[in-house]
Each structure stands twice: as C-alpha cells, then as structure tokens.
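See structure below.
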Amino acid sequence: MPRYIVAYPTTWSTAGRARLRAAMLLLALSAGLSSVHAQTDSLRAITKRVTAYNQQALQEKLYLHLDRPLYISGEIIWFKVNATDDVAHRPLALSQVAYVEVLDKEQRPVLQTKVALQQAKGHGSLALPASLASGNYTVRAYTNWMKNFSPDCFFHANISIVNTRTTLGLKVTKDTTSYTAQFFPEGGTLVKGVTSKVGFKIVDKTGKGIAATGTLLDQRGATVATFSTLKYGLGSFVLTPQATGAVYTAVLTLPNKQAFTRKLPVVAAQGVVLRVEEASPTQLRIGIESTVPGQAAEELLLLGHSRQQVAVSALTRLQAGKATVLVDRKTLPEGVTHFTVFNQEKKPLCERLFFTRPTHQLAITGRTAQQAYGTREKVNLQIATASAQAQPLPANMSLAVFRLDSLPSSALPNIHSYLWLTSDLKGNIENPDYYVSTPGPEAEQASDNLMLTHGWSRFRWADVLAGPSKPFQYLSELQGLTIPARVTTGGGKPAPGVIVYMATPSPKVNLFNSLSNSDGLVLFEASGLYSANDLILQTNTQKDSTYQIELLNPFSQQYSKSLPLPFTFSERNQQDILSRSLEMQTQNAYFSKQQAIFKLPVSDSAAFYGKPDEQYLLDEFTRFKVLEEVMREYVPGVQVRLRKDGFHFLVMDHVNNAIFPENPLVLLDGVPVFDINKIMAMDPLKIKKLDVMTSAYFQGPRATMVL
C-alpha cells in the first residue's frame with residue numbers, strides 16, 4: 001500500500017496551511033471514493049454472476065400429465081411427458097430421454113422406465129404389479145441433465161394405490177398429536193426490536209391444511225398477538241420481539257375446540273430483517289433493517305430474480321440501520337420472484353419470495369355432442385383453445401378420462417400451476433391452482449402466506465457466486481439414450497484411456513464403443529436401442545484382461561426430502577373399491593390387446609455397419625466341418641495365417657490395394673471376439689453367414705475392420 005510523506009516547513013503562512021488542509025482533504029476523499037466504487041462494482045458483479053450462471057446451467061422442467069390420482073394394483077398408469085425451459089416455459093427439445101419412477105413411502109423405486117422424447121414430448125405407461133402394496137406413492141420424472149441439480153427440481157406427484165387382494169386394515173383416527181404447526185419469520189430470523197411478519201402453516205397428519213385460531217404468548221404468559229388462518233391452514237401476523245433469546249408460544253385452537261401449543265423460533269440478539277409489503281397497487285415497498293454492529297451505514301444490494309432472470313437490482317445504503325426500496329410491480333415477471341439482500345462481502349443476508357399471478361393463460365373449453373350417453377356409446381368431444389382475449393390459439397394437449405367416485409385421493413398438479421408455482425417451491429402445496437387462477441385481494445394475501453411458508457428449490461447461492469468448479473457430471477442426452485459404465489483396474493483404481501465395447505446379442509448386430517475418461521467413466525451413445533436382451537461389456541482381452549467394468553445405474557439415487565403423505569382410508573369406500581377392482585380385472589381379461597397401444601418403433605434390421613462389402617451365405621456352399629477350411633475355400637477376402645501364437649486373419653484393403661496390418665474386429669452375433677483361435681474352434685455348421693468389410697470402418701474413437 002503506498003504511503004504519503006508530507007514535509008512541514010519551519011514556518012507556515014495562513015494561506016499555506018489552508019492549501020495543505022485542502023490537499024489532505026482531497027487525498028482522503030479520493031481514497032474514500034475508490035473504496036466506494038470498489039464495493040459498488042463488487043456488488044454489481046453479483047448480477048453478472050446470476051446471468052452467467054443462467055447461461056452455464058440451463059434449467060429444464062418436466063411435467064407429467066397422469067391419467068388419474070388413484071389406481072388399483074393391476075391397472076396401468078398412462079402419462080404424457082412435456083419438457084420446457086425454466087425461463088419462458090416453452091417447449092425445450094434439449095433431452096431425448098426422460099426417466100420416470102414410482103417411489104414408495106421409503107423413497108425406494110418400485111417401478112422405473114425410460115421414455116423417448118421427440119420435440120419436447122413423450123408418452124408412456126407403467127403396469128402396476130398385482131403384488132404392489134396399498135399406500136401413497138410418488139411419481140417423479142427428470143432428465144439426465146437435471147441430475148446435475150437438486151432432486152427438488154424433479155417433477156413430483158403423489159398418487160394412491162389400493163391392493164384389493166389384501167386387507168387394508170386402516171381406520172381414520174383423531175389424535176391431537178397428529179397436527180403440525182410451523183412458524184416462518186419473514187427474512188428467516190426473529191430479531192430483537194425489529195418488526196417482522198411471521199407466516200405459519202397448520203396441517204393434519206395427511207398434510208391437509210386445518211383452519212385454526214391462535215393466541216401468541218410471551219415468556220410471562222401475556223398475550224402479544226392474535227391470529228387466524230386464511231386459506232389451507234396458512235396465515236401470518238406481525239410481531240416485534242422485545243428480548244434476546246425469548247421464546248414465544250402459540251396457543252392454537254381447532255374448529256372442534258381442541259387446543260395445542262407450539263413454540264416459535266428463538267429471538268436473535270442481532271440480525272437483518274427483510275420486509276415486503278404493498279406500497280400502492282403498482283408498487284412494492286421493500287424494507288431492510290439491520291441491528292448488526294458496524295452495519296448501520298453499509299451499502300447493500302437488493303437482487304430480485306425470477307427463474308434466474310434478474311428483474312430487480314438496486315444498490316441502497318443503510319441509514320441508522322434502515323433502508324427502503326420501492327419496486328415497480330410491472331418490472332416483476334409472472335410467477336415466483338426471489339428477493340435477496342447481499343452485504344459488501346457478497347454474502348446473502350436474508351431472502352423473501354413474492355408471487356405474481358400469471359395473466360397469460362390458455363383458455364380451454366370442451367363440449368360434447370349430447371348431455372348423456374349409454375354404455376359403450378361413442379362420445380364425441382370438441383376441444384377449443386384460445387387466449388385470455390378470446391383469440392384462437394393452436395395447442396398440443398393431452399386428455400385423461402376417469403371415473404369420479406368417493407375414493408379419497410390428492411389432486412394432481414395441472415401444467416399451469418406446476419410450471420408457474422409448484423416447480424419453484426419446496427414441500428407439498430394444497431390446491432396450487434387456487435393461487436394461479438384466482439384473482440382478488442384474498443387470493444393475493446393467501447399467495448403471500450404461501451411464499452412465507454415455502455422455500456426456494458432451484459439452486460444454491462454458493463453455486464451461483466462461485467460458478468461451476470468443474471464440468472457438469474451428467475450430460476444432456478441430445479441424440480438419444482446413453483448408457484454409463486465405469487472401468488477400473490484390478491486394484492479398483494480408475495482406468496483412463498481404455499476402449500470399452502458394449503454389445504447386445506441379437507440377430508441385429510449392434511455394437512458400441514467408448515473411451516474411458518480420467519475417472520474411468522465411459523458413456524455409450526445407444527440411440528435407437530430398444531431391447532430387453534442382456535448387455536455385454538468388455539475390453540480387448542488380448543491387451544489386458546484384468547479390467548473390471550461396472551454398468552452404472554442411469555436412474556438418480558438422490559431424493560427429495562419431501563415424503564408422500566400418510567395413507568388413510570375408510571371402510572365406507574368398500575363398495576367403490578370393489579367396483580374399481582372388478583373394472584380392472586375385466587379390462588385386463590377382455591381388453592388386454594387394446595391396452596398395448598405403445599409399440600416399439602420400426603427399426604432398420606441391417607447391422608450397424610450397413611451393407612457389407614462381401615457377404616457369404618454358407619448354406620449356399622458345401623459345408624465343411626472345420627472353420628479354417630471354410631475361410632480358405634469360400635472367403636477369398638480374408639486370408640488365414642497360422643503363426644506361433646495361433647491363427648490370424650488378413651483382410652485386403654481394396655481402397656489402398658494393400659493388406660491391413662492388424663487382425664480385423666471379429667463379431668459373433670454382434671459380440672466382439674478378440675481371440676481368433678476361439679473363432680476358429682467353432683463348429684461352422686452353427687454359422688449362417690459371414691460379412692466382411694474390406695475398408696477401414698470408423699465407430700466412435702475406434703477405427704477397425706469388421707468381420
């Protein structure tokens with residue numbers, strides 16, 4: 001750091017002293033301005049980091065339209081997959097494969113499948129085994145690229161499955177201990193002497209919101225506030241904590257007059273509180289108050305972003321520990337906006353969510369030709385789609401038809417409420433469509449209560465500010481299915497730079513190869529592979545036979561902390577359960593062929609190398625008992641040589657009018673065989689034909705000849 005030395009003369013005049021004071025003041029002011037500019041630029045860099053992160057970490061969203069919320073064991077789950085981007089919620093044809101799972105209450109997968117996506121859409125089904133136990137399950141869906149981020153970003157939907165072959169043995173019981181009450185201070189912390197809003201959520205053991213009233217008591221038992229729920233067990237009240245370490249107690253009363261108590265979070269001695277409130281119909285007032293020593297006049301950054309797109313970026317300076325920022329509501333995009341306050345060290349101090357109800361909605365109307373229909377009578381349904389201004393709009397849709405009965409089940413999220421709301425929040429949300437579709441002051445207050453009681457799930461600020469420290473582990477499947485594996489040495493260490501072959505024994509010859517990276521990972525691009533056959537993975541055993549290859553699980557083994565709601569049923573639903581069971585059995589017995597609407601796509605039966613240069617159908621020749629004689633007599637494109645180490649094949653390179661110096665790659669039903677002696681020991685009567693490529697063939701990192 002430079003030092004400034006001032007030489008004082010023996011005698012100073014008044015004017016000289018004034019000039020000296022002015023010079024010293026200017027010097028101090030310049031140093032102060034440099035510090036302010038450095039802090040300002042540092043805070044502005046956060047906005048740039050958010051934009052850069054959005055470019056580096058493109059977010060996908062998947063939505064599954066399930067055909068119903070409740071199933072009987074033995075039925076089929078039908079679904080459609082829609083892939084969109086995270087910003088504009090438009091179709092995003094990035095990934096070509098979607099992974100769909102059904103998880104039990106312990107988050108163990110009971111069903112798994114992969115669905116091909118074309119133009120950001122896909123269709124699939126899952127047959128529920130007859131042995132599947134009754135209970136609530138979670139259907140989740142994601143892409144390989146989405147595995148780079150939190151599993152909270154995956155699509156999740158709760159379904160109920162009833163097994164009619166076993167006794168449910170469930171009865172509805174009432175228990176005061178089964179009610180849960182949680183309190184969430186605005187900004188995250190209750191701070192002594194600072195007024196803040198506190199959101200709360202009261203639910204029963206099934207996760208359903210419960211209406212309740214409450215009284216807030218301080219440590220002396222005095223009433224400091226009264227409150228009540230607004231919608232779906234959610235509400236809020238204003239509190240000014242008066243003592244450090246104080247623990248407030250909420251006494252909650254249910255509609256049945258039952259009462260129970262819950263504690264609020266402990267009051268902190270110091271901290272930062274963020275307050276968001278309506279200043280006018282067109283503006284939001286965002287208040288920031290800090291009681292941290294030394295922070296009374298600090299410059300802060302208020303950042304508001306929606307789906308990683310910055311909407312608000314305002315620098316403000318605390319005065320006596322307080323600051324206010326007015327935000328034009330027109331600048332906020334539709335959906336969830338995330339407000340965060342950063343200090344000069346670029347550390348997030350407090351956060352708050354705010355919801356703007358989307359106004360751009362697709363209006364869907366349906367009309368049948370008649371009001372009532374008889375059994376087995378054809379139903380004609382006419383669907384029309386239009387904008388909010390009643391202008392006709394084209395749309396790609398899916399339709400589910402199922403019977404409404406008394407069987408209890410949780411409502412499935414529709415695509416509108418899921419994309420705009422549910423996908424950006426943690427936890428179960430009761431009736432999310434209410435917050436998206438219902439206008440009015442009460443709905444806005446209910447939405448604000450929802451924002452206070454649910455957290456953010458799309459990313460962590462540490463990842464955004466630091467940037468990706470290394471390339472993403474999981475790549476997007478741009479060309480179709482990829483199959484991961486790991487190759488290690490005999491000692492279990494990663495084996496880099498090793499070519500690994502993958503084959504599927506079948507009449508159609510499929511062969512894939514990949515080069516292992518520094519971690520020993522290999523990735524096979526198996527686009528168009530639809531097969532239930534075994535996969536055979538191997539290296540070139542003639543070079544090294546000690547490598548070990550592990551086929552990795554392509555499904556994510558990271559799970560959200562949100563569990564499916566407890567399974568409850570009543571004996572009064574017995575008749576509806578019986579009817580559904582008879583319908584399922586009748587459908588499976590008499591209409592099983594009609595249910596198999598998904599078929600494997602028609603694929604080319606030719607081998608992966610296409611048309612061979614030479615082909616020999618051995619049944620057209622006299623059969624020999626030794627393969628060596630067959631090769632010497634009928635396959636002139638391949639010369640057989642016997643050396644000290646055994647047999648070798650020499651293939652003519654017609655392009656360069658020479659002989660390839662190495663043995664060709666020999667495939668037996670698509671499986672590589674590197675030991676020519678083993679091929680020569682085969683019974684030629686079991687071989688139907690021979691294909692020969694007389695020029696170099698390039699596949700992945702490997703250039704070879706194929707025989």
Side-chain angles (χ1 to χ4, degrees), residues 62-81 98-115 124-144 146-147 150-173 178 180 203-208 400 402 407-413 418 422-423 425-430 457 552-571 573 576-577 580-581 584-585 588:
L62 287 189
Y63 173 78
L64 257 66
H65 182 190
L66 302 173
D67 63 326
R68 64 183 74 180
L70 185 142
Y71 300 87
I72 302 294
S73 295
E75 289 184 330
I76 297 178
I77 299 177
W78 303 97
F79 58 85
K80 178 186 177 182
V81 186
Y99 296 81
V100 181
E101 298 180 279
V102 178
L103 310 178
D104 63 11
K105 63 180 180 180
E106 304 296 335
Q107 292 198 328
R108 294 171 300 192
V110 296
L111 290 172
Q112 294 176 322
T113 189
K114 303 170 189 175
V115 180
S125 63
L126 287 167
L128 299 175
S131 59
L132 206 57
S134 299
N136 283 345
Y137 293 77
T138 300
V139 178
R140 73 170 185 170
Y142 50 91
T143 64
N144 198 59
M146 293 171 65
K147 288 158 52 177
S150 169
D152 291 323
C153 302
F154 299 171
F155 171 85
H156 292 85
N158 293 324
I159 63 171
S160 299
I161 299 176
V162 179
N163 192 324
T164 57
R165 293 170 174 80
T166 60
T167 303
L168 292 177
L170 297 172
K171 294 183 179 179
V172 177
T173 58
S178 63
T180 301
V203 297
D204 61 13
K205 63 181 181 180
T206 66
K208 184 178 180 181
F402 60 95
L407 298 181
S409 59
S410 57
L412 295 173
Y418 176 77
T422 311
S423 60
L425 300 177
K426 289 183 179 180
N428 296 312
I429 301 175
E430 185 178 353
S457 65
L552 301 180
N553 185 1
F555 291 91
S556 174
Q557 300 183 53
Q558 303 296 322
Y559 301 96
S560 172
K561 295 182 180 180
S562 299
L563 297 175
L565 302 175
F567 182 67
T568 58
F569 243 77
S570 173
E571 295 296 335
N573 303 123
D576 285 329
I577 294 175
R580 286 284 297 273
S581 178
M584 176 270 297
Q585 297 178 56
N588 292 341

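This is a predicted model, so every value here is computed, not measured.
Taking both residues in full, the closest heavy atoms of Tyr99 and Asn144 are given as CE1-N, 3.9 Å, listed atom of the first, atom of the second, then distance. Heavy atoms only, all atoms of each residue included: Asn553 and Phe555 are closest at OD1-N, 3.0 Å. Taking all atoms of both residues into account, the shortest heavy-atom contact from Tyr71 to Ile76 is CE2-O, 3.8 Å. Taking every heavy atom of both residues into account, Asp104 and Tyr137 meet most closely at CA-CD2, 3.5 Å. When all heavy atoms are compared, the tightest approach of Phe402 to Asp67 is CD2-O, 3.0 Å. What you find for Pro109 and Glu101 is that their closest heavy atoms are CB-OE2, 3.8 Å.
Using a distance-only test at 3.5 Å, with no hydrogens or angles considered, no donor-acceptor pair links the side chain of Glu430 to the main chain of Val203. For Ser150 (side chain) and Cys153 (main-chain N/O), no donor-acceptor pair under 3.5 Å exists by modelled atom type. When atom types are taken as modelled, the side chain of Ser423 and the backbone of Tyr418 share a donor-acceptor pair closer than 3.5 angstrom. Using a distance-only test at 3.5 Å, with no hydrogens or angles considered, a donor-acceptor pair links the side chain of Asn588 to the main chain of Gly74. With hydrogens and angles ignored, the 3.5 Å screen pairs a side-chain donor or acceptor of Tyr142 with a backbone N or O of Ser556.
Side chains of Pro554 and Lys114 form a contact here, defined as non-hydrogen atoms less than 4.5 Å apart. When side chains are defined from C-beta on, Lys561 does not count as touching Lys426, because their heavy atoms never get closer than 4.5 Å. Looking only at side-chain heavy atoms (C-beta outward), Asn136 and Asn158 stay at 4.5 Å or farther from each other. Annotation: side chain of Val110 is not in contact with side chain of Leu103 (no heavy-atom distance under 4.5 Å). Between Val102 and Thr138, the closest side-chain pair of non-hydrogen atoms is not below 4.5 Å. A 4.5 Å side-chain heavy-atom check between Ile159 and Ile77 finds at least one atom pair inside the cut-off. Here the side chains of Trp78 and Leu126 are not in contact, with every heavy-atom distance at 4.5 Å or above. Between Leu70 and Arg580 there is a side-chain heavy-atom pair separated by less than 4.5 Å.
Considering OG of Ser125 and CD of Glu75, their distance stands at 13.0 Å, rounded to 0.5 Å. Taking CD1 of Ile72 as the reference point, atom CD of Gln585 lies at 10.0 Å (rounded to 0.5 Å). Within the model, atoms CG of Leu552 and CD of Gln557 stand 9.5 Å from one another, a figure rounded to the nearest 0.5 Å. Considering CZ of Phe154 and CE of Met146, their distance stands at 6.0 Å, rounded to 0.5 Å. Atom CZ in Arg140 sits 9.0 Å away from atom OG in Ser560 (nearest 0.5 Å).
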Worksheet item: When you look at Ser134 and Asn163, which way does the side-chain hydrogen bond (donor to acceptor under 3.5 Å, both in side chains) test go after all the steps?
Response: CA-CA 5 Å; Ser134 299; Asn163 192 324; 5.7 Å; no
Discussion item. Run the salt bridge (Lys or Arg N to Asp or Glu O under 4.0 Å) test on Lys208 and Asp204 for me, step by step, so that the C-alpha distance in whole Å, both residues' side-chain angles and the decisive distance to 0.1 Å come before the verdict.
Written reply: CA-CA 6 Å; Lys208 184 178 180 181; Asp204 61 13; over 6 Å; no
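Taking the centre of each ring, Phe155 and Tyr63 come in below the 6.0 Å mark.
A side chain to side chain contact (heavy atoms under 4.5 Å, CB included) with Ser73 holds for exactly one of Val162, Thr164, Ile161; it is Ile161.
Counted within 6.0 Å of CD on Gln558, heavy atoms from surrounding residues, nucleotides or ligands total 12 or fewer; the atom is thus considered open.
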